[in-house]
Amino acid sequence: MRPCSRTSILLTLSLALTGLSLSAVPAAAVAKPSPAQAATPDGTTPIPTVQGPLASTAESYPFGAANHQEVPQDLSKLGYVEEEYLVSGTSNVYTWPAAGPAQIRTPDAPYTTRVLVRKPAKGQKFSGNVVVEMLNPSNLFDLNIGWAMAHEQITANGDAWVGITAKPIAVQALKNFDAERYASLSFANPLALTDPRNCATVAADSSRTTENGLIWDIYSQVGAWLKSDDPTNPLRYGSPATRVEHAYGFGYSQTGGFLVNYINGVHPLVVESDGEPIYDAYIVAVAGGAFAGAYPMNQCEPSPPATDVRRQFKDVGVPIMRIMSQSDYLLGIGSRRADSDAPGDQYRHYEMAGAGHATPDELIFSASSGDIIAAGRAVPPASCNEGPRSRFPSSIFFNAALRNLDLWVREGIAPPRAEPILVRDGAPVLDEFGNVQGGLRSPFLDAPTSTWYGTATGASFCFIAGYERPLPQAVIDGLYGDHGDYVKAVKGSVRELEDQAFLTGYDARQLLKENAQSKIP
C-alpha cells in the first residue's frame, strides 16, 4: 500500500476526526444571542443532579473500568478507588459564528451523561487537583486517553481523574454495552425533527434525534460540581467543603479540539457568569491548526475554518499547554504561536519528536476488546502494515507537562520552553538517522537505536499511529562501542532533560533502568 498523501490524510481527518459531514448545512435560524449559561437563581454555573456512585458487580460495571481495561489495573495497589456517577441537568446549545464568546442557539436542553472518577482512597492523600477529561469518542466509544497518558503523574501526586462521556455516539455504545446500567443516558436533540433549525444532514457519527453540542455546559457543570460543597461531590471526602483546589482541563485529539471550542467560546461565558473560571489551566493534546483544531459548536454548523482565529489561543486568562505529536504537527502547524509568561496569556507550545498520535497506551488503558465488541464497536487495530503501533512512550512528556502545569498554577514556576520540530519548505528536517530535529527531545532520538515515524498505513487510525524501524546493526555498532557507551549516552540525555524539567524523576529512573537492562549494542 502506498503511504497516505497529505491530501488523503486531510480528507480522512475531515471525516473521521472532525465529525462533520461534507454535506452538513448550517441552521436556518438562530435564537436570540445571550451571554448567560443555563439558568440558576444567582446566574452562576448550575450543579447537576447526581446519581451514584453506581454499584459495580461481576455482571454490571463501568465501561472502561480499571479492572476491565485491555490490560487490567488494580487501583487499590496505587491507593486509588474508582466510582461511576450519572449526572443530569440542562445544557444550552450554542452557536459560534465569529471570534469571541459563543451565543445561545437553543436554551436548556435536558441531558444525562456518565462520569467516571478515579481518586485517592484516603482524603489525606488527595493533592487537591482534579484532571477533568472529555472522554475521546473518535472510535465511537469512550477512550480514557488522559488517564493512559498521565496516570503515573496523577497517582504519584495524589490527583483525582474524572472522565465524562461527551458525545451521543459514545452514549449509544454504553447502552449497547449495558442497557440497564446506562438506560437513562441522553443527549436528546431539543429541536423537533420538523423544526427548521434541526438540520436535515448531520455527520456520519451523529443523528438528528441527538445533539453533539450539549457537552459544553456539561463540562462546565461537572467541573462546578467537583469544586462545590454539594453532598454528592465525590471529592469532598466527607468534609463539609470540597477538597478540590484546582481543576485542570484535558483533551486529546477530538476532545482536544473540543477544548479549543470550550476555551475560546464557553470559558469566557463562565468567567462572566461566575466571576472566575471553573478550570484553572488546560492541556490541549494533539489537536491544533488544521488537525482537529476546532469542532462544530453544534451539529448543524461547520467547524471554524483551518486558519480561523478561533482555533488559536490568546489572552485566555489561565495557563494553557498545547502538545502536538510527530503524526500531526505538520497538519497542525497553524497552531504554532510564541510561548508567553505574560499575565493572562500564559502559554506553552510543545511538539513531541518521535511520538505517534494514536498510541498503544490509549488501547491498553481503555475498555477491553471483549467489552468494546459488547458495545457494538470494532476493536481498533494494535498493528498497521508496517508493524505494531509505535511503542514511543508519549507518557513521559505528559507526566512532565502535568507536573509543570501544576507548578505554574500553584507556585508561579514557569515551565521550560522547547523549540518546535524543525521544518523547512513545508517538510521536516531530518538527522542522519532519519529522525526529526527539534521538538521535545528524549533519549530515543538523542541516543538513537531506531528511526521513528509518525505515519503508518493500514486500517482505522493507522495513518496517525506511527511506527519504529531499528537502525542497522552496523550503524548501532558504530555509535556505541559497547553496552557501557550506550548506557552513558542515554544517561547524558536523561540527566539533561530531567535538569531542564522535561522529565519527571520517576520517568528518568525508569528510562535508565530499562536501558541498563537492554542488550544494546
Spacing of [atom1] belonging to [X] relative to [atom2] belonging to [Y], to within rounding of 0.5 Å:
| X | Y | atom1 | atom2 | value |
| --- | --- | --- | --- | --- |
| Ser207 | Phe187 | OG | CZ | 13.5 Å |
| Thr45 | Glu276 | OG1 | CD | 10.0 Å |
| Asn399 | Gln153 | CG | CD | 6.0 Å |
| Leu214 | Thr113 | CG | OG1 | 9.5 Å |
| Asn92 | Ile218 | CG | CD1 | 11.5 Å |
| Arg403 | Ile413 | CZ | CD1 | 10.0 Å |

Sidechain-backbone polar pair: [X] side chain, [Y] backbone, donor-acceptor under 3.5 Å:
| X | Y | result |
| --- | --- | --- |
| Asp308 | Arg310 | yes |
| Arg348 | Ile320 | no |
| Glu133 | Gly146 | yes |
| Gln312 | Gly288 | no |
| Ser340 | Asp345 | yes |
| Gln221 | Trp216 | no |
| Ser206 | Val202 | no |
| Asn189 | Ala192 | no |

Check against salt bridge (Lys or Arg N to Asp or Glu O under 4.0 Å), Asp159 and Lys125 = CA-CA 9 Å; Asp159 300 343; Lys125 299 293 186 180; over 6 Å; no
May I have all residue pairs that pass ring-ring contact (aromatic ring centres under 6.0 Å, His included) and include part of residues 106-136, sequence neighbours excluded?
-> Phe126-Tyr237
Tell me yes or no: between the side chains of [X] and [Y], is some donor less than 3.5 Å from an acceptor?
| X | Y | value |
| --- | --- | --- |
| Thr359 | Asp361 | no |
| Ser366 | Gln69 | no |
| Asp328 | Ser325 | yes |
| Arg181 | Ser60 | yes |
| Thr232 | Trp225 | yes |
| Tyr262 | Ser220 | yes |
| Thr242 | Asn233 | yes |

Do Val132 and Tyr248 pass the side-chain contact (heavy atoms from CB on, under 4.5 Å) test, and can you show the C-alpha distance, the side-chain angles, and the key distance before you say yes or no?
-> CA-CA 6 Å; Val132 185; Tyr248 299 141; over 6 Å; no
Taking every non-hydrogen atom, the tightest pair across [X] and [Y]:
| X | Y | answer |
| --- | --- | --- |
| Asp507 | Glu152 | OD1-OE1, 4.1 Å |
| Arg311 | Ala290 | NH1-CA, 4.1 Å |
| Gly356 | Ser327 | CA-OG, 3.4 Å |
| Phe392 | Ser442 | CZ-OG, 3.5 Å |
| Pro277 | Val318 | CG-CG1, 3.8 Å |
| Ser88 | Thr112 | OG-OG1, 2.8 Å |

Does Ser76 have any side-chain hydrogen bond (donor to acceptor under 3.5 Å, both in side chains) partners at least two apart in sequence or in another chain, and if so, which?
-> Asp74
Pick from Ile283, Asp406, Val409: which one makes a side chain to side chain contact (heavy atoms under 4.5 Å, CB included) with Pro319?
-> Val409
Would you check if Leu191 and Arg105 make a side-chain contact, meaning some heavy-atom pair closer than 4.5 Å?
-> yes
Is any side-chain heavy atom of Tyr350 closer than 4.5 Å to a side-chain heavy atom of Met324?
-> no
Are [X] and [Y] close enough that their ring centers fall under 6.0 Å?
| X | Y | value |
| --- | --- | --- |
| His357 | Phe461 | no |
| Trp161 | Phe250 | no |
| Trp96 | Tyr295 | no |
| Tyr61 | Phe177 | yes |

Electrostatic pair [X]:[Y] at N-O distance under 4.0 angstrom:
| X | Y | result |
| --- | --- | --- |
| Glu245 | Arg410 | yes |
| Lys119 | Glu82 | no |
| Glu83 | Arg118 | no |
| Asp229 | Arg243 | no |
| Lys167 | Asp205 | yes |
| Arg114 | Asp142 | yes |
| Arg208 | Asp195 | no |

Start with the C-alpha gap between Ser335 and Tyr329, add the side-chain angles, then the distance that decides, and say whether side chain to side chain donor-acceptor pair (under 3.5 Å) holds.
-> CA-CA 9 Å; Ser335 67; Tyr329 76 99; over 6 Å; no
The side-chain hydrogen bond (donor to acceptor under 3.5 Å, both in side chains) partner of His267 among Tyr219, Tyr282, Tyr279 is Tyr282
Worked verdict on Glu301 versus Tyr94 for side chain to side chain donor-acceptor pair (under 3.5 Å) = CA-CA 10 Å; Glu301 67 185 37; Tyr94 293 98; over 6 Å; no
Working for side-chain contact (heavy atoms from CB on, under 4.5 Å), residues Trp408 and Gln346 = CA-CA 9 Å; Trp408 209 2; Gln346 296 165 291; 3.3 Å; yes
Establish, for the pair Arg337 and Tyr347, whether the NZ or CZ atom is under 6.0 angstrom from the six-membered ring centre and no further than 45 degrees off its axis.
-> yes
Using the side-chain contact (heavy atoms from CB on, under 4.5 Å) rule, take Thr49 and Val87 through it: C-alpha gap first, then chi angles, then the decisive distance, then the call.
-> CA-CA 6 Å; Thr49 301; Val87 300; over 6 Å; no
Output, in order, the C-alpha distance, side-chain angles, deciding distance and verdict of side-chain contact (heavy atoms from CB on, under 4.5 Å) for Phe291 and Ile333.
-> CA-CA 9 Å; Phe291 189 99; Ile333 201 165; over 6 Å; no
Please assess Thr95 against Gln103 for the test side chain to side chain donor-acceptor pair (under 3.5 Å), listing each intermediate value before the final yes or no.
-> CA-CA 5 Å; Thr95 182; Gln103 302 166 0; 5.9 Å; no
